[in-house]
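Here is the structure we will look at.
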2 protein chains.
Amino acid sequence: MTRGDTAPTRPRGGLADKRRAILAGALTVFARDGYTRTSLDAISAAAGVSTRTIYNHFTDKARLFQAVIQESATRAADAQIAIIDRHLTKVVDLEADLVEFGLAFTAPTAAEHAEHFALVHQINAEAGHIPQPAIDAWQETGPLRVRRALAAHLGRLTERGLLEVADPDRAAVHLLLLISVADPSYRGAVPTREAISETVAAGVRVFLRGYLR
Amino acid sequence: MTRGDTAPTRPRGGLADKRRAILAGALTVFARDGYTRTSLDAISAAAGVSTRTIYNHFTDKARLFQAVIQESATRAADAQIAIIDRHLTKVVDLEADLVEFGLAFTAPTAAEHAEHFALVHQINAEAGHIPQPAIDAWQETGPLRVRRALAAHLGRLTERGLLEVADPDRAAVHLLLLISVADPSYRGAVPTREAISETVAAGVRVFLRGYLR
DNA sequence: TACTTATTGCCATACACATTGTAGTTTACT
DNA sequence: AGTAAACTACAATGTGTATGGCAATAAGTA
């Protein structure tokens, strides 16, 4: 009963922000190296915690991974939803606002939560080896929640006559895809701020033409 | 000098379609389990070949992985480009043809080359641990080649006045994204043929509105 | 049939790593 | 200061697995 809020399980004697540290370190390593490559030694090093302590907080490497997924997905989705709300609640110039939204959504998100998105790649790859319930839970608290938030705004914009969206959920998927700064050259090529701007602007343009009137 | 064409390296004594078998088996296992999880024993089992033979053909697990990537990417890209050419060379009804193209591109491609696309996930996840040249080579013979082929057709359609595409490459990216049957629920939910149809049709509709006139 | 080369089975090495046990040490709270 | 809980270092166990070395065998070729 000291400050009870973080640790849902056993050890929480007051001196342990260890759990946070572990989750943070694990996120870093899992995101970079993937589940299988990641050793508990690496995590313990990254977290500044002994491996033994990790086993005191999380019974298993697998459970730790799932906990990391949930944690990271929650935070990233929260951040994204905040951006969505901030940009799409009071809309004046639809195109301009969508572009700004797209920029806010891609660039900084990718920067702050870079680790998270690397983790998403790992999850996709590992999908066949992660228990389905865990994947479902992740989808629910992460991507699906975000998409639903966006869809809700698109629906509202439709009601206000600013858009013509029959299937808000599909429209949300389309918008997210179109403003994504996908594939080009992968690592190495640091996309210019201008390149991102153009990509987003072009995506928004196509989206609007597709869903306007 | 027996039949020389497949094996670019050492052993090719005539009795060895082993190389093919190894690549096929390795693709299966790498795609399913990812690089790190995959053991050479598993590959040898899947290929019906002794592990020792694998080392006679490929010096390394890493090189084998790269060879598999190249092989698989080449075949998948070839197939996709064939579909692109087949559907977008003589266009009569643009929307109808694009929808058919989209269906041909997503559904059967994903079926026949399912392993390849699983492998792509693995590559994305492993990206940080694959030598950059190998990744570049893959991008070049795979995704970029496909995109360029599609872009060429879109350019041609623009010249014929059927489309209004300023940046064919970006348009190609957009089209590919919009007809992709992405994320929903992941594994488990077998997307209905109708669901796919609708998704593709909706994507094409947005694309056309964005790039028509 | 004799010869070359690929393939195989099996062994051996060596390491990496998950996981647990134990005993000592630190920390927070009273 | 004293106590209980949490943390740490360390060792130990067991397993998986990349990779190399051989000698025996099979297969294709002359």
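Residue numbering restarts at 1 for every chain, and letters A, B, ... go by the order of the sequence lines.
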Quiz prompt | Whether B:Gln122 side chain and B:Ala31 backbone form a donor-acceptor pair below 3.5 Å | solution = yes
May I have the distance from [X] (atom [atom1]) to [N] (atom [atom2]), rounded to whole angstrom?
X: A:Lys18; N: C:dT27; atom1: NZ; atom2: C1'; answer: 10 Å
X: A:Ile54; N: D:dA6; atom1: CD1; atom2: C1'; answer: 14 Å
X: A:Arg19; N: D:dC7; atom1: CZ; atom2: C1'; answer: 16 Å
X: A:Asp17; N: D:dA5; atom1: CG; atom2: P; answer: 19 Å
X: A:Phe58; N: C:dA18; atom1: CZ; atom2: C1'; answer: 16 Å
X: B:Asn56; N: C:dG9; atom1: CG; atom2: P; answer: 13 Å

Quiz item: Along nucleotides 17-23 of chain D, 5' to 3', which nucleotides get a B, which get an S, and which get a -, given that the test is a protein heavy-atom distance under 4.0 Å?
Solution: SSBBBB-
Identify every side-chain donor-acceptor pair in residues 72-88 of chain A under 3.5 Å, counting partners at least two apart or on other chains, and give the distances.
{"unit_1": "A:Ser72", "atom_1": "OG", "unit_2": "A:His116", "atom_2": "ND1", "d": "2.7"}
{"unit_1": "A:Thr74", "atom_1": "OG1", "unit_2": "A:Gln70", "atom_2": "O", "d": "2.7"}
{"unit_1": "A:Asp78", "atom_1": "OD1", "unit_2": "A:Arg145", "atom_2": "NH2", "d": "2.1"}
{"unit_1": "A:Asp85", "atom_1": "OD1", "unit_2": "A:His153", "atom_2": "NE2", "d": "2.7"}

Quiz item: Quick one: is B:Thr53 getting a side-chain N or O under 4.0 Å of the C:dT7 phosphate, OP1 or OP2?
Solution: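 Answer no for this pair, as no side-chain N or O of B:Thr53 is under 4.0 Å from OP1 or OP2.
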Self-check item: Phosphate OP1/OP2 of D:dA6: any A:His57 side-chain N/O under 4.0 Å
Solution: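 A:His57 to D:dA6 OP1/OP2: no side-chain N or O under 4.0 Å.
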Practice problem: With sequence neighbours left out, write down each residue that passes ring pair (Phe, Tyr, Trp, His ring centres under 6.0 Å) with B:Phe30, or none if nothing qualifies. | Solution: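 Expected list: B:Tyr35, B:Phe65.
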Quiz item: Is A:Glu140 salt-bridged to A:Arg148, cutoff N-O under 4.0 Å?
Solution: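 Salt bridge between A:Glu140 and A:Arg148, a charged N being under 4.0 Å from a carboxylate O: yes.
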Exercise. Heavy atoms only: give me the nearest A:Thr36-B:Thr36 pair and the separation to one decimal.
Key: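 Scanning both residues completely, I find the closest heavy atoms to be CG2-CG2, 3.8 Å.
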Quiz item: Within a strict 4.5 Å, meaning less than it, do heavy atoms of the A:Leu208 and A:Leu163 side chains meet?
Solution: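 Of all side-chain heavy-atom pairs linking A:Leu163 with A:Leu208, at least one is under 4.5 Å.
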